[in-house]
Colleague: 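One structure is given below, represented as structure tokens, and several questions about it will come after.
Proteins come first, then strands; the chains are lettered A, B, ... in the order of their sequence lines, and each starts at number 1. Side-chain atoms are counted along with the backbone in the values below, which use heavy atoms only and exclude waters and symmetry mates.
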Amino acid sequence: MAEAAPKMKVSDEVAISIQNMNKWYGTFHVLRDIDLTVYRGERIVICGPSGSGKSTLIRCINALEEHQKGRIEVDGTVLSSDLKNVDKIRSEVGMCFQHFNLFPHLTILENCTLAPIWVRKIPKREAEETAMHFLEKVKIPEQADKYPGQLSGGQQQRVAIARSLCMKPRIMLFDEPTSALDPEMIKEVLDTMIELAEEGMTMLCVTHEMGFARQVANRVIFMDDGQIVEQNEPEEFFNNPQSDRTKLFLSQILGH
Amino acid sequence: MSDTHAESVAYVRETAIPPAPAPVTEAGVVGWLRQNLFATWANAALTIAALYAIYLVLAATLPWVLGGVWTTDSLTECREVLQGRSAACFSVLTERWNQLIFGFKYPDEFYWRPSLAFVLLFLAAAPVLFFDLPRKLLLFTAVYPFLAYWLIWGGTIWAPVFAALGLVAGYVIFDRFGNQNFATGFLGGIAAALVVWILADYIVPLIASDDPLLPAVQSRDMGGFMLNMILGVVCVSLSLPFGIALALGRQSNMPLIRWISVVFIEFIRGVPLITLLFVANVVLAYFLPPGTSFDLILRVIIMITMFASAYIAEVIRGGLAALPKGQYEAADSLGLDYAQSMRLIILPQALKISIPGIVNVSVGLFKDTTLVSIITMFDLVGMIRGPILASSDWNGVYWELFGFASVLFFITCYGISQYSQWLERRLTTDHR
């Protein structure tokens, strides 16, 4: 797969560089020869059929999954088995999950201040101010003292985004952030993500929200069978897909 | 006043229906009776049968309990007072009260010492059990084990002081180096504590006065319910941290730590407690260098703690397994290290899930402390079976004595159970 054309770049600074990365689950080859360079400020949407390895790919970036071969460099730090590097990368890379994964035993505010206080060693008061700032940004400051179980799915996902932002990450990973939500709530989460994109956050997003991809992505990547099959600008990708596999996939998700 | 337009399919509600009070048969006392006691004819029959059974039990036991004699000095005297009437001779409890509580060898002039330790126990346990209390009270909790030891065993105050100093030294070293490298801090802490304790072994005999403030009482003189309380409280409080460590060890990525945990847990769980107690009592002495005396109570505490921590480890492992994988991943993705994610995210939730199981083990352990009566320690049951029933005064008062033991254990265990239910309600945050 050729590198992305220069016109797609928003800057020359490399945020994530993945070279020749391979991963196996036991004997199953989930990711095959992945080469991907993400530039600072880029918004990338990764799509593909289920089981194509797209979630595994972004989970390798913050070492939630271990890759067996190849090289991943995030923000100048090479991902190795050294736990120091892993923790450093994780504190710079925010992640939102399909099922939010908020901490149910802590209030919304505590969810947001926990990592800044313990990982960044920020004083509690300051961490709370930052947390309230980001909760306002995702438009739920009034829920700060509630527990995650009291919030709707959309609200929980927005809290999860705020929780990641409180660590002031330079890169955000989204793993199907709207797949577990009711249709009514998808928009509020997407709006938050669009706002984040407009502020120049580097984002990698696994999603099936093609409207979102058209609106904010610089680049759409299509994966199948653990390989990157096609990547292009959104307009080109949707209007003029090159590979047959991409055409079939697009006809299936856009056809109805 | 329905605003439904029955004749048309299209329909728009114009007035909202206000909520009305439930009919009297659904709410209130009548409703409760109907729902719970007399829902069907079969239910009503069962209710009446159950009430009759309760009446029979009470009719038989209440006169026996209420007509009990409290003030005689022996069973023969009690029978004279009763004159053939069927009633309890509770006077064995009043006459042998001190023996039941403190054993028969603890010096009577020092009964106030364990009693004070018992009262202070509530003060020390309060901030641990009720975490809304001010955190500064935990300072007393930290001092309490050493204070209680000094009160109950007496002797030179320097022994518990140096024991505490060893722990403080260990903690200081751990705090100093544990941040950079957990293993260095942990092993360094243990080494520092050992150094202090070995030094203390030489220093304490030198500086201890021959006439200490609280005269020493030997372990073999401990007995009665006091012994059950000592064993129960110490073993429960020790087995919880050990159980957590074993449960985490069993999940560890490091094979050596995992295997050690698995072997320990499986071995201890596969052996009856009574066997371990016999080992503590008899067999251990063969392995120790001749001439060393290793306190029997300490040996028993080690065995019961090992036994209970293996069970608690398995209970907590269940709690750990019940947590969704996403919780681990979310903690990891925020950059929390292993110790932080365990302490702040995983264990608080896993322990909450494990509360019923942990209480189960704790209550069982507390009752199992009566097994020490088999290895000739005179705990509450040992006192009853031994010195009291064997005495010519009280030979034959089984019901009163064992009833009393049951009541004491029931109060304690029921208290633990009620506390745990309160705790579970207090920790509920899922709002389902």
Colleague: Tell me, for A/F97 versus chain B, whether the close heavy atoms (under 4.5 Å) come from the side chain, the backbone, both or neither.
Modeller: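 Side chain only.
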
Colleague: Applying ring-ring contact (aromatic ring centres under 6.0 Å, His included), name anything that partners B/F366, two or more places apart in sequence or on another chain.
Modeller: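 Applying ring-ring contact (aromatic ring centres under 6.0 Å, His included) to B/F366 gives B/F409.
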
Colleague: Answer with side chain, backbone, both or neither: which region of A/R59 has an atom nearer than 4.5 Å to a non-hydrogen atom of chain B?
Modeller: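 Contact with chain B involves the side chain of A/R59 alone.
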
Colleague: Give a yes or no on whether the backbone of B/D337 and the side-chain of A/D87 come within a donor-acceptor separation of less than 3.5 Å.
Modeller: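 The answer is no, because no donor-acceptor pair under 3.5 Å joins these two groups.
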
Colleague: Nearest 0.5 Å please: distance from the CG atom of A/N111 over to the CG atom of B/L334.
Modeller: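 Separation between the atoms: 9.0 Å.
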
Colleague: Please check: side-chain N/O of B/Q349 versus main-chain N/O of A/H105, any donor-acceptor pairing under 3.5 Å?
Modeller: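 Checked: no pair found.
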
Colleague: Do any of residues 316-324 of chain B come closer than 4.5 Å to chain A, heavy atom to heavy atom, and if so which ones, in number order?
Modeller: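 None at all.
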
Colleague: At what distance, to the nearest 0.5 angstrom, does CD of A/E65 lie from CD of B/E329?
Modeller: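 Answer rounded to 0.5 Å: 7.0 Å.
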
Colleague: What distance do A/F103 atom CZ and B/S341 atom OG have between them, rounded to the nearest 0.5 Å?
Modeller: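 Taking CZ in A/F103 and OG in B/S341, the distance rounds to 8.5 Å.
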
Colleague: For A/I89, which atoms come within 4.5 Å of any heavy atom of chain B: side chain, backbone, both, or neither?
Modeller: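 Neither the backbone nor the side chain of A/I89 comes within 4.5 Å of chain B.
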
Colleague: Between atom CG of A/D175 and atom OG of B/S333, what is the distance when rounded to the nearest 0.5 Å?
Modeller: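 It comes to 11.0 Å.
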
Colleague: Give, for atom CG of B/L336 and atom CH2 of A/W118, the distance between the pair rounded to the nearest 0.5 Å.
Modeller: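 Reported value, rounded in 0.5 Å steps: 9.5 Å.
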
Colleague: How many angstroms lie between atom CD1 of B/I345 and atom CG of A/L114, to the nearest 0.5 angstrom?
Modeller: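 Spacing of CD1 (B/I345) from CG (A/L114) equals 4.5 Å.
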
Colleague: With a 4.5 angstrom heavy-atom cut-off, could you sort out which part of B/Q340 is near chain A: side chain, backbone, both or neither?
Modeller: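 The side chain, not the backbone.
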
